[in-house]
Structure formats: C-alpha cells, structure tokens
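Structure first, then comments.
Quantities reported herein were computed from a predicted structural model and do not represent experimental measurements.
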Amino acid sequence: MRAGIGYDVHRLEKGRRLVLGGVEIPYEYGLLGHSDADVLAHAVMDALLGAAALGDIGRYFPDTDGKYKDISSMVLLGNVGDMLAQRGFAICNIDTVVAAQRPKLAPYIDRMCGNMATALGIAADRVSVKATTTEGLGFEGRMEGISARAICIIERNDQDVSK
C-alpha cells in the first residue's frame with residue numbers, strides 16, 4: 001500500500017465559473033486558473049500521482065501548454081487514473097476537504113464524489129469529500145481563494161511492493 005497527499009489553492013475571481021469535483025456551482029465568483037481551476041480535482045490528482053511516485057500535475061498538464069486551457073479537470077483526473085492503472089495500481093480510497101467561506105458546498109458533495117469516482121473508474125464509496133469554512137480566518141476566510149487537501153491510499157494490483 002502507498003499513501004499520497006495533495007494540496008491546491010486557486011484565487012477567486014468575479015466572472016469565472018466555480019467548478020469543484022466536476023460540479024459547476026452557481027456563485028458570483030469562480031476560481032482563476034489555466035484549466036477549469038477545479039481545486040478539489042487538482043488536489044486529488046496530486047495525491048494519486050504522489051502515492052505512485054509520479055510527480056505532480058504540473059509535470060503532465062503544464063499551465064504553459066495551450067491544449068489544457070479551460071479543459072475539464074475531470075478529463076485530467078481520468079488521465080491520472082489511467083496512468084495509475086497502466087502501472088498496475090488500484091485506488092483503495094480518497095479522502096478530501098475543501099476550505100471555502102462561501103458558498104455552502106453540502107448540497108453538491110454527493111455529485112462531487114460521483115463525478116470524481118466516475119472519472120477514475122472506481123466506486124463512489126471510495127471517494128469522500130468534506131467541506132469546511134475557516135471561520136473567517138486566512139485567505140479562504142477573506143474569500144480571496146479556495147483550497148483543497150486530499151489523501152489517498154493505492155495498492156498494486158499484483159501486490160508486489162518492490163516495483
């Protein structure tokens with residue numbers, strides 16, 4: 001078994017779409033980024049890549065490459081899932097937390113879990129999403145941005161940990 005951790009943050013900006021876990025959430029602010037800036041999916045990708053010792057998302061999907069401009073992070077997450085599968089890894093579970101003062105995310109959490117699970121080709125009960133505020137503290141509390149953290153456990157399908 002291998003564990004990985006991921007963290008991402010994006011700035012909030014008026015007029016952008018707010019996409020978290022592949023769900024577009026109605027809100028006057030969205031996240032600024034080269035892709036759809038899905039901070040939750042980005043943290044999950046980094047956790048998975050880290051667990052497999054494959055680096056980070058910037059290595060595979062650089063923000064300097066025009067083909068990733070405004071791309072759905074669910075497509076990128078699916079690519080990461082494929083990378084792991086090609087190397088013989090299976091995803092045991094993913095646990096995440098999103099820190100945002102607003103909007104309230106509870107109504108969207110089940111869809112976020114489902115979207116990410118579908119992109120990765122795993123059961124939805126292997127993905128957990130939690131949301132929290134920072135009680136007005138920090139950049140999230142000042143509504144300057146949103147952050148996400150993710151941790152995952154993966155294992156080799158062949159159970160050979162020497163690879």
**Message:** I'd like to check the salt bridge (Lys or Arg N to Asp or Glu O under 4.0 Å) partners of Arg87; sequence neighbours left out, ordered by chain and number.
**Reply:** none

**Item:** Distance, nearest 0.5 Å, that separates CG of Asn93 from CD1 of Ile154
**Value:** 11.0 Å

**Asked** Which residues pass the side-chain contact (heavy atoms from CB on, under 4.5 Å) test with Ala37, sequence neighbours left out?
**Response** His10, Arg16, Leu31

**Item:** Which residues share a side-chain hydrogen bond (donor to acceptor under 3.5 Å, both in side chains) with Ser147, sequence neighbours left out
**Value:** Glu140, Arg149

Donor-acceptor pairs under 3.5 Å, side chain of residues 50-60 to any protein atom, not counting sequence neighbours: which ones?
residue, atom, partner, partner atom, Å
Asp56, OD1, Gly58, N, 3.1
Asp56, OD1, Arg59, N, 3.2
Arg59, NH1, Leu54, O, 2.8
Tyr60, OH, Leu54, O, 2.7

**Counterpart residues, side-chain contact (heavy atoms from CB on, under 4.5 Å), relative to Lys67 (two or more places apart)** = Asp65

**Message:** Show me the pairs that pass ring pair (Phe, Tyr, Trp, His ring centres under 6.0 Å) and involve residues 61-84, at least two apart or across chains.
**Reply:** Phe61-Tyr68

**Item:** For Asp95, side-chain hydrogen bond (donor to acceptor under 3.5 Å, both in side chains) partners two or more places apart
**Value:** Ser128, Lys130

**Prompt:** Who are the side-chain hydrogen bond (donor to acceptor under 3.5 Å, both in side chains) partners of Arg11, not counting sequence neighbours?
**Reply:** none

**Asked** His42 and Asp8: side-chain donor and acceptor closer than 3.5 Å?
**Response** yes

Between side-chain atoms of residues 98-106 and protein atoms elsewhere (two or more places apart, or another chain), which donor-acceptor pairs fall under 3.5 Å?
residue, atom, partner, partner atom, Å
Gln101, OE1, Gly136, N, 3.1

Expected list for residues 120-127: side-chain donor-acceptor pairs under 3.5 angstrom, two or more places apart:
residue, atom, partner, partner atom, Å
Arg126, NH1, Ile91, O, 2.8
Arg126, NH1, Cys92, O, 3.2

**Item:** Set of residues satisfying salt bridge (Lys or Arg N to Asp or Glu O under 4.0 Å) with respect to Glu13, sequence neighbours excluded
**Value:** none

**Item:** Listed partners of Val23 passing side-chain contact (heavy atoms from CB on, under 4.5 Å), at least two apart
**Value:** Ile25, Tyr108, Arg111, Met112, Asn115

